[in-house]
Every structure is written in C-alpha cells, then in structure tokens.
Amino acid sequence: MFQFIKQYIKNPKIIGAIAPSSHTLANAMMEPIDFETAECIVEFGPGTGVFTEELLRRRKNKTTIILIEQNKDFCRMLKQKFKGSPNLFIVHASAEHADSILQKYNLNNADYIISGLPFTSLPKEISLNVFRAAKKIIGKNGTFITFQYTLLKQNFFGEHFRFKSKLHILFNLPPAYVFVLKNK
C-alpha cells in the first residue's frame, strides 16, 4: 500500500487512484474470463498486482499472461513478487505497444485484456493508441475488460468498442465501474 501511495503522489495522472483495487473489484474483473479456454491474457497497468494475483490463481498453467506496466518501480516490484511464475511475462512498456509486445512472444492475439489504466486522466492520443493496440490484439473474438471510477469516458469507449456489459462496484475506494467490451 505504501508503494502505491508513493507512486500516486509522484504520478497522479498515470496512477489514477489513491489505493490499490479491492478484491471485490478484482473478482468483478475476473468474472467475464473463461479460464478453461483462455490461452493468452494481457494486463495493462497491473500496478501492485491485485488483478495479477487473481489471474495467476485462476488460470490454467498453459495460459500465457503478459503484464505491461509503464511505471518502472511497479515493474520491478511485480518481477520480484511473481518471480518463478510459469508463462508470466512482465514487460516495462506502454500498453500502446501491446501488439508488438505480443509478437515478441510469438503470439498473434489475446483472448482477454484486463486494464487498470486511468483513461479519464490519460491524454486522448495515448488512449486512442491504447485502443488501437487493444482492438488489434483482441480481434473479433477477444474481450477487453477495464474499470473506471466515473462514467465520463463511457461514450468514448462506445465510439471504439461495443459494450457487452457494465457493472457498478461499490466496495472499492473509490467505487468503480467495470466495462466488458468487444470489437465492433
């Protein structure tokens, strides 16, 4: 928790929250995932790894998980925390480059993207670049799961994806909305 608050103070627009996500939010983010069939799951902005812990606990051993984290301190912490986890790759980069990162690991697409990125505070151009990369790697069959603390970007998401579902999670600081998105 201390590391998270420290990073928030240093980069509030990039971190986007004052506390790590709750387990209630993590469970809601996992709900749309079919862990029996998922071959590749990508996580954008894993932060301290709250969602990652759930992904690793629920996934099949053959499932590849790629974490893309731009914050070097979080990236270093994640590498230490999850050292030795099979088929887990932690990449220090921007989610804007997700498609080339998957190519590096000889993967064509992701079945699911889990995103903790704060789209409300990200510059529009970065959000658009992340959306382009996400659309490319989920293709027609994958799913993009993200959460936001407000509905301010709901229409923005709707311009680029179609909504499969939306859920309001009250037991989180602050409360959050989970959006399950597919390519149009």
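- In this structure, the side chain of His92 engages the main chain of Gln70 through a donor-acceptor pair within 3.5 Å.
- Side-chain N or O atoms of Ser22 include one that pairs as donor or acceptor with a backbone N or O of Phe171 at under 3.5 Å.
- The main-chain N or O of Lys136 is never found under 3.5 Å from a side-chain atom of Asp99 such that the two would form a donor-acceptor pair.
- The shortest non-hydrogen separation linking Ala176 to Tyr149 is CB-CD2, 4.0 Å.
- Taking both residues in full, the closest heavy atoms of Ala133 and Ala95 are given as CB-O, 3.7 Å, listed atom of the first, atom of the second, then distance.
- For Phe179 and Phe147, the gap between ring centers reaches or exceeds 6.0 Å.
- In this structure a side-chain-to-backbone donor-acceptor pair under 3.5 Å is present from Lys81 to Thr48.
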Report the C-alpha distance between Thr146 and Leu181 in whole Å, list the side-chain angles of each, state the deciding distance to 0.1 Å, and finish with yes or no for side chain to side chain contact (heavy atoms under 4.5 Å, CB included).
CA-CA 8 Å; Thr146 189; Leu181 308 164; 4.2 Å; yes
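- At a threshold of 4.5 Å between non-hydrogen side-chain atoms, the residues Val42 and Ile137 count as touching.
- No side-chain N or O of Asn27 forms a donor-acceptor pair with one of Thr24 less than 3.5 Å apart.
- No more than 12 heavy-atom neighbours from other residues, nucleotides or ligands sit within 6.0 angstrom of NZ on Lys124.
- Separation of the Phe157 and Phe119 ring centroids falls under the 6.0 Å cut-off.
- For Thr63 against Cys40, the heavy-atom pair with the smallest separation is CG2-N, 4.2 Å.
- Using cut-offs of 30° and 60° on the angle between ring planes, the pair Phe161 and Phe144 is tilted.
- Not a single donor-acceptor pair under 3.5 Å links the side chain of Lys182 to the backbone N or O of Phe163.
- Closest approach of Arg132 and Glu125 over heavy atoms only: NH1-OE2, 3.9 Å.
- Separation of atoms OG (Ser85) and CG (Leu67) is listed at 9.0 Å; rounding is to 0.5 Å.
- Between Glu69 and Leu78, some side-chain heavy-atom pair lies under the 4.5 Å cut-off.
- No side-chain heavy atom of Ile169 sits less than 4.5 Å from a side-chain heavy atom of Pro175.
- Side chains of Ile68 and His97 form no contact here, defined as non-hydrogen atoms less than 4.5 Å apart.
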Start with the C-alpha gap between Thr143 and Ile138, add the side-chain angles, then the distance that decides, and say whether side chain to side chain contact (heavy atoms under 4.5 Å, CB included) holds.
CA-CA 6 Å; Thr143 304; Ile138 64 170; over 6 Å; no
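- For Lys62, the NZ atom is densely surrounded, since the number of other residues' heavy atoms within 6.0 Å is greater than 12.
- Salt bridge present: Glu36 and Lys60 bring a charged side-chain N and a carboxylate O closer than 4.0 Å.
- The shortest side-chain heavy-atom distance between Lys166 and Gln154 falls under the 4.5 Å cut-off.
- Here CG of Asp34 is found 12.5 Å from CZ of Arg58. Values are rounded to the nearest 0.5 Å.
- Two residues are said to be in side-chain contact when any heavy atoms from C-beta on lie closer than 4.5 Å; Ile65 and Leu56 meet this criterion.
- Within a 6.0 Å radius of NE2 in His23, no more than 12 heavy atoms belonging to other residues, nucleotides or ligands are found.
- Tyr112 contributes no side-chain N or O that, together with a main-chain N or O of Glu39, makes up a donor-acceptor pair within less than 3.5 Å.
- In this model, no donor atom of one side chain and acceptor atom of the other lie less than 3.5 Å apart for Glu43 and Ser115.
- Atom CG of Leu102 sits about 5.0 Å away from atom CG of Leu107, to the nearest 0.5 Å.
- Looking at Glu53 and Arg57, no side-chain N of the basic residue comes within less than 4.0 Å of a carboxylate O on the acidic one, giving no salt bridge.
- The main-chain N or O of Leu117 is found under 3.5 Å from a side-chain atom of Gln148 such that the two form a donor-acceptor pair.
- No donor-acceptor pair under 3.5 Å is formed between the side chain of Asp111 and the backbone N or O of Ile41.
- Between Ile66 and Ile101 the shortest side-chain heavy-atom distance falls below 4.5 Å.
- Of all non-hydrogen atoms in Ile145 and Met29, the two that sit nearest each other are O-CE, 3.6 Å.
- Heavy atoms from other residues, nucleotides or ligands lying under 6.0 Å from CG of Asn61 number 12 at most.
- A donor atom on one side chain and an acceptor atom on the other are found under 3.5 Å apart for Asn183 and Lys135.
- In plain terms, the two heavy atoms of Thr120 and Leu152 that are nearest each other are CG2-CD1, 4.0 Å.
- Here the NE2-CZ distance, from His160 to Phe131, works out to 6.0 Å after rounding to the nearest 0.5 Å.
- A heavy-atom distance below 4.5 Å is found between the side chains of Glu96 and Ile126.
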